[in-house]
**Q** 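Here it is: the structure, laid out below.
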Amino acid sequence: MKKNILITGGAGFIGSHVVRRLVLKYPQYQVVNLDKLTYAGNLENLQDIESRENYYFVKGDICDAELVSSIFTKYAIDNVIHLAAESHVDRSIAAPLVFIETNIIGTVTLMEAALSHWNATEDCLFYHVSTDEVFGSIEAPDSFNESTAYDPKSPYSASKASSDHFVRAYRNTYKLSTIISNCSNNYGPCQFPEKLIPLCINNIKRGLPLPVYGKGDNVRDWLHVEDHAKAIDLLFHQGNKGETYNIGGNSEMKNLDLIRMLCKIMDEKLGRSGSEELIEFVKDRPGHDARYAIDISKINSQLGWQPSVDLETGLEKTVDWYLTNEDWMTRVTTGEYQQYYQEQYFKR
Ligand code: NAD
Ligand code: TYD
């Protein structure tokens, strides 16, 4: 069946993997990518599919109600996969307002357009992509499931939690057809090097310090971005409308152990030794969540999804991608990045 899908934030890290997957796998779908091209958006991530007949790019802001409405009309949008967001916790601590604008107001703007363009009888879906950080921090051996109470602790997670609440409210109040998924930390090709893994890969390559916040004993669950894209594809087509699903990698690791693993992989690939000596303990992130862990039994039992890439293999593949795409890294680490890095790490 034909679908006209609006994907927001498709030029970002996860969005570009979702756009590519849908454009290539479903040539009968029309995929429209709406992206503001902030510092995190990069059309280079989609170069290989930009001339596909079923792909369209619109540069613009999800908070621009007129633009969003015109896209719904022009492309007869009947489905939305919403990924556009401000996504970095450290930036949310430094400057929270834009997180409220994009993550909350942007989400509501999109849902308003959906409500005014969609006929109740149509088979339409608003799929909202969210994070496990909405649940706050959890002690071992417990993990977040779909009934865990929201307890966001950073401006980023508070903005995402708020957007999730609005999506549920629109479902409940206006009967908007929705799905929400809450996923753990992603890694893989095209991730902007403000996030831990690409930042460390870039710094190891250049022999720069590897900044470990606090003692490095915070735990994150890691999922390869292609596995996330597969889960989104599956939920988009087969998820139960009105429900939420947790997605995770079954790969919990302390930050310090993860960085050591990366050093070992990079040393092997570069024929070097001693990258671990670059590790530098720096002032902790304020309000740093201690541990995230995800229970994936719902998506696993309902839809058979589970992660297919184990962490070590995924990291090796990711390192390979960054080493063969050095120009990509050079381009994204010039300009604004230099100033960001200076503010974030030299004034700590
Ligand atoms: P990203 O920062 O790499 O990309 C965000 C994209 O959104 C960029 O292309 C940017 O240009 C675009 N964007 C930002 N503001 C916009 C606006 N106002 N209008 C239109 N476009 C705008 O983010 P990501 O890591 O790919 O995350 C995508 C989504 O997945 C986010 O909603 C995030 O909360 C969620 N998520 C991320 C992770 C993760 O580990 N990265 C994990 C779980 C969930
Ligand atoms: P990050 O990639 O920013 O993702 P999130 O904060 O959304 O989990 O950070 C992952 C973990 O790594 C988190 O516990 C913070 C830590 N971290 C560092 O220790 N040093 C760094 O330079 C960065 C960016 C993160």
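Numbering of ligands and ligand atoms starts at 1, following listing order.
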**Q** Give me the nearest non-hydrogen protein atom to atom 29 (C) of ligand 1 as residue plus atom name, then the distance to 0.1 Å.
**A**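 Going by distance alone, atom 29 (C) of ligand 1 is nearest to Leu83 O, 3.2 Å.
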**Q** Closest non-hydrogen protein atom to atom 25 (O) of ligand 1, residue and atom name please, with distance?
**A** Phe13 CD2, 3.8 Å
**Q** Say whether Glu112 and Tyr170, considering side chains only, have a donor N or O and an acceptor N or O under 3.5 Å apart.
**A**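 Present: a donor and an acceptor within the cut-off.
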**Q** Considering non-hydrogen atoms of the protein only, which is the closest contact for atom 4 (O) of ligand 1, and what is the distance?
**A** Gly12 CA, 3.5 Å
**Q** Would you mind listing each N/O atom of ligand 2 next to any protein N/O under 3.5 Å, plus the distance?
**A**
from: ligand 2; atom 1: 2 (O); to: Leu196; atom 2: N; distance (Å): 2.9
from: ligand 2; atom 1: 3 (O); to: Arg285; atom 2: NH2; distance (Å): 3.1
from: ligand 2; atom 1: 4 (O); to: Asn185; atom 2: ND2; distance (Å): 3.3
from: ligand 2; atom 1: 6 (O); to: Arg285; atom 2: NH1; distance (Å): 2.5
from: ligand 2; atom 1: 6 (O); to: Arg285; atom 2: NH2; distance (Å): 3.2
from: ligand 2; atom 1: 7 (O); to: Glu133; atom 2: OE2; distance (Å): 2.5
from: ligand 2; atom 1: 8 (O); to: Asn185; atom 2: ND2; distance (Å): 2.8
from: ligand 2; atom 1: 8 (O); to: Arg220; atom 2: NE; distance (Å): 2.7
from: ligand 2; atom 1: 12 (O); to: Asn255; atom 2: ND2; distance (Å): 3.3
from: ligand 2; atom 1: 14 (O); to: Arg220; atom 2: NH2; distance (Å): 3.3
from: ligand 2; atom 1: 14 (O); to: Asn255; atom 2: ND2; distance (Å): 2.8
from: ligand 2; atom 1: 14 (O); to: His288; atom 2: NE2; distance (Å): 2.6
from: ligand 2; atom 1: 19 (O); to: Tyr213; atom 2: N; distance (Å): 2.9
from: ligand 2; atom 1: 20 (N); to: Pro211; atom 2: O; distance (Å): 2.7
from: ligand 2; atom 1: 22 (O); to: Pro211; atom 2: O; distance (Å): 3.4
from: ligand 2; atom 1: 22 (O); to: Tyr345; atom 2: OH; distance (Å): 2.7

**Q** Could you tell me whether ligand 1 has any atom less than 4.0 Å away from a heavy atom of Tyr156?
**A**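 Per 4.0 Å heavy-atom rule, Tyr156 contacts ligand 1.
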**Q** Got a salt bridge between Arg260 and Glu276, using NZ or NE/NH1/NH2 to carboxylate O under 4.0 Å?
**A** yes
**Q** Do Gln191 and ligand 1 have an N or O pair less than 3.5 Å apart?
**A**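 For ligand 1, there is no N or O atom that lies under 3.5 Å from one belonging to Gln191.
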**Q** Between the side chains of Asp227 and Ser308, is a donor N or O closer than 3.5 angstrom to an acceptor N or O?
**A**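 On atom types as modelled, these side chains qualify, holding a pair under 3.5 Å.
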**Q** As an exercise, identify every atom of ligand 1 less than 4.0 angstrom from a heavy atom of Leu37.
**A**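 In order of numbering, the contacting atoms are 11 (O).
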**Q** Does the distance from a Lys or Arg side-chain N to an Asp or Glu carboxylate O, for Asp78 and Lys3, drop under 4.0 Å?
**A**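 Answer for the salt bridge query: no.
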**Q** Using a 4.5 Å cut-off on heavy atoms from C-beta on, say whether the side chain of Pro155 contacts that of Ile93.
**A**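 A side-chain contact under 4.5 Å exists here.
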**Q** Quick one: look up the protein heavy atom nearest atom 40 (O) of ligand 1 and list residue, atom name and how far away it is.
**A** Asn186 N, 2.8 Å
**Q** Here's a test for you: under side-chain hydrogen bond (donor to acceptor under 3.5 Å, both in side chains), which of Arg168, His82, His128 qualifies with Ser163?
**A**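 Exactly one candidate clears the test, His128.
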**Q** Determine whether any heavy atom of Thr8 lies closer than 4.0 Å to an atom of ligand 1.
**A**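 Thr8: no contact with ligand 1 (<4.0 Å).
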**Q** Quick one: does ligand 1 sit under 4.0 Å from the side chain of Asp132, the backbone, both or neither, non-hydrogen atoms only?
**A**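 Contact part for Asp132 vs ligand 1: neither.
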**Q** Below 4.0 angstrom, N of the basic side chain to O of the carboxylate: do Asp35 and Lys59 qualify?
**A**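 No, no charged N to carboxylate O under 4.0 Å.
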**Q** When only distance counts, is Leu34 in polar contact with ligand 1, meaning an N/O pair under 3.5 Å?
**A**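 In fact, backbone or side chain, Leu34 has no N or O that close.
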**Q** Quick one: look at Lys160 and ligand 1, take heavy-atom pairs under 4.0 Å, and tell me if it's side chain, backbone, both or neither.
**A**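 Side chain only.
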**Q** Using a 4.0 Å cut-off to any heavy atom of Asn185, which atoms of ligand 1 qualify?
**A** 40 (O)
**Q** Atom 10 (C) of ligand 1: which protein heavy atom is closest, and how many Å away?
**A** Thr38 OG1, 3.3 Å
**Q** With no hydrogens and no angle check, just 3.5 Å: does a side-chain donor-acceptor pair link Lys2 and Asn4?
**A**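 Yes, a side-chain donor-acceptor pair sits under 3.5 Å.
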**Q** For Tyr292, is the NZ or CZ atom of Arg220 found under 6.0 angstrom from the centre of its six-membered ring and inside 45 degrees of the ring axis?
**A**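 Relative to the ring axis of Tyr292, which defines the angle, Arg220 lies inside both limits.
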**Q** Please check if the distance between the ring centroids of His237 and Tyr29 is under 6.0 Å.
**A** yes
**Q** What protein heavy atom lies closest to atom 27 (O) of ligand 1? Include the residue and the distance to one decimal.
**A** Ile14 CD1, 3.8 Å
**Q** So if I apply the side-chain hydrogen bond (donor to acceptor under 3.5 Å, both in side chains) rule between Tyr39 and each of His88, Glu336, Arg91, which one comes out positive?
**A**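 The option that passes is Arg91.
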**Q** May I ask you to list the atoms of ligand 1 that are less than 4.0 angstrom from any heavy atom of Val129?
**A** 30 (O), 32 (O)
**Q** Under 4.0 Å, heavy-atom basis, I'd like to know which part of Ser184 is in contact with ligand 1: side chain, backbone, both or neither.
**A** backbone
**Q** If you take the nearest heavy atom of each of Ser87, Ser130, Gly15, Gly60, which one is closest to atom 23 (O) of ligand 1?
**A**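 Result: the heavy atom closest to atom 23 (O) of ligand 1 is in Ser87.
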**Q** Which protein heavy atom lies closest to atom 9 (O) of ligand 1, and at what distance to 0.1 Å?
**A** Asp35 OD2, 2.5 Å
**Q** Quick one: which of Ala85, Ser16, Ala84 has a heavy atom closest to atom 14 (C) of ligand 1?
**A**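 Minimum heavy-atom distance to atom 14 (C) of ligand 1 goes to Ala85.
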**Q** Ignoring hydrogens and geometry, is there a side-chain-to-backbone donor-acceptor pair from Arg291 to Glu139 under 3.5 Å?
**A** yes
**Q** Between Asp289 and Lys153, does any side-chain N to carboxylate O distance fall below 4.0 Å?
**A** no
**Q** Before we go on, tell me: are the rings of Tyr150 and Phe135 under 6.0 Å apart, centre to centre?
**A** yes
**Q** Got an N/O contact under 3.5 Å between Asn42 and ligand 1?
**A**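 No; the residue has no nitrogen or oxygen that sits under 3.5 Å from a nitrogen or oxygen of the ligand.
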**Q** Please identify each residue that fulfils side chain to side chain donor-acceptor pair (under 3.5 Å) with Asp217, with sequence neighbours left out.
**A**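 Asp217 satisfies side chain to side chain donor-acceptor pair (under 3.5 Å) with no residue once adjacent residues are dropped.
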**Q** Can you tell me which residue and heavy atom of the protein come closest to atom 21 (N) of ligand 1, and the distance to 0.1 Å?
**A** Lys36 N, 3.0 Å
**Q** Which atoms of ligand 1 sit under 4.0 Å from any heavy atom of Cys183?
**A**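 Numbered from 1, ligand 1 contributes 42 (C), 43 (C).
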**Q** Against ligand 1, does Cys63 come closer than 4.0 Å with any heavy atom?
**A**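 Contact absent.
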**Q** Could you tell me whether Asp123 and Lys241 have a side-chain N and a carboxylate O separated by less than 4.0 Å?
**A** yes
**Q** Using the rule given for side chain to side chain donor-acceptor pair (under 3.5 Å), can you reason through Ser157 versus Ser154, listing the C-alpha separation, both sets of side-chain angles and the distance that settles it, and then say yes or no?
**A** CA-CA 5 Å; Ser157 55; Ser154 73; 3.1 Å; yes
